[in-house]
**Q** 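Here it is: the structure, laid out below.
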Amino acid sequence: MKLSRPDADIFVPDSGPSAGLAPAAALARTTHLCVIAHQDDIEINAYPAVAECYGRADRFFTGVVMTNGAGSARTGQYARVTDAEMQGIRREEQRAAAALGKYNLQLQLAHPSADVKTPGHPAVTADLAAIFAGCRPSVVYLHQPADKHDTHVACLLRCLDALRALPRAQRPARVLGVEGWRDLDWLADDQKVPLDAGAHPALAEKLVAVFASQIAGGKRYDLAALGRRLANATFYASHATDTASALSFAMDLTPLVNDETLSVADFTAGHIESLRSDVAVRIRKFSL
Ligand SMILES: [Zn+2]
């Protein structure tokens with residue numbers, strides 16, 4: 001397997017189902033693929049995908065982190081760490097998470113964020129084309145288009161470009177956008193894709209705690225990620241008891257992959273329009 005950047009990292013964990021296998025062979029058996037912007041985005045935002053494959057011999061989770069993690073905030077014991085050192089620390093944290101979660105394969109593409117934000121960037125395009133052509137996952141997890149982090153949205157758009165460039169028969173049957181720097185509680189209930197995040201709770205906690213360099217600055221991602229899943233489960237349905245102890249929500253992005261003429265902005269605005277209409281209808285129902 002050849003990736004564009006010399007500092008890209010390819011890791012087949014010994015603890016995972018493809019231990020000892022060549023990376024290309026591990027990629028080929030992927031059933032659950034997550035392509036996301038930063039180290040820790042998988043563990044915070046796509047945990048249901050990890051949990052579905054954890055300890056299974058018939059499901060293979062592959063995680064792909066697109067950026068090099070250079071721009072992250074740093075304080076406390078990491079205050080004097082240089083950009084280059086921080087990239088190394090975050091690479092190792094991601095490897096540790098992949099080992100802990102028994103991932104099938106972990107790829108870190110190490111692209112500068114600016115390259116991911118450039119439509120058609122040759123190195124980014126080549127990596128994504130190779131990854132999406134090298135496997136036939138049943139479900140792909142990406143960022144969701146209403147995220148408020150520029151790099152997350154750019155990462156999603158590059159992935160959609162790459163998926164739309166595949167021959168129609170090779171496109172994945174299901175593509176989901178996961179919560180990140182904006183949750184998906186605001187989606188109308190019939191547009192939410194609820195994903196069970198309640199399996200292996202101790203693992204869920206440890207996977208986020210691995211990213212000590214990100215939590216050290218006072219951002220308690222470890223508590224916040226698990227708190228969001230608990231809140232989603234509890235507030236999902238007001239008149240039903242909780243069926244899952246933790247839930248993540250996703251947006252179904254499959255129509256954007258099946259129809260390359262569909263505008264991502266219009267598709268997303270349509271979901272926002274559903275929220276606007278739901279709010280307005282309920283208020284009118286009980287008004288004079
Ligand atoms: Zn991120």
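Start at 1 and go down the list; that is how both ligands and their atoms are numbered.
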**Q** Using a 3.5 Å distance criterion without hydrogens, assess whether the side chain of Asp222 forms a donor-acceptor pair with backbone atoms of Ala209.
**A** no
**Q** Would you check if the Zn ion (ligand 1) lies under 2.8 Å from any N, O or S atom of His152?
**A** yes
**Q** If you look at His38, which of its N/O/S atoms is nearest to the Zn ion (ligand 1)?
**A** ND1
**Q** Give a yes or no on this: more than 12 heavy atoms of other residues, nucleotides or ligands lie within 6.0 Å of atom CD of Glu205.
**A** no
**Q** Assess the pair His149 and His143: is the distance between their ring centroids shorter than 6.0 Å?
**A** no
**Q** Between Pro23 and Val12, which heavy-atom pair has the shortest distance, and what is it?
**A** CA-CG2, 4.0 Å
**Q** Please name the atom of Asp41, restricted to N, O or S, that is closest to the Zn ion (ligand 1).
**A** OD2
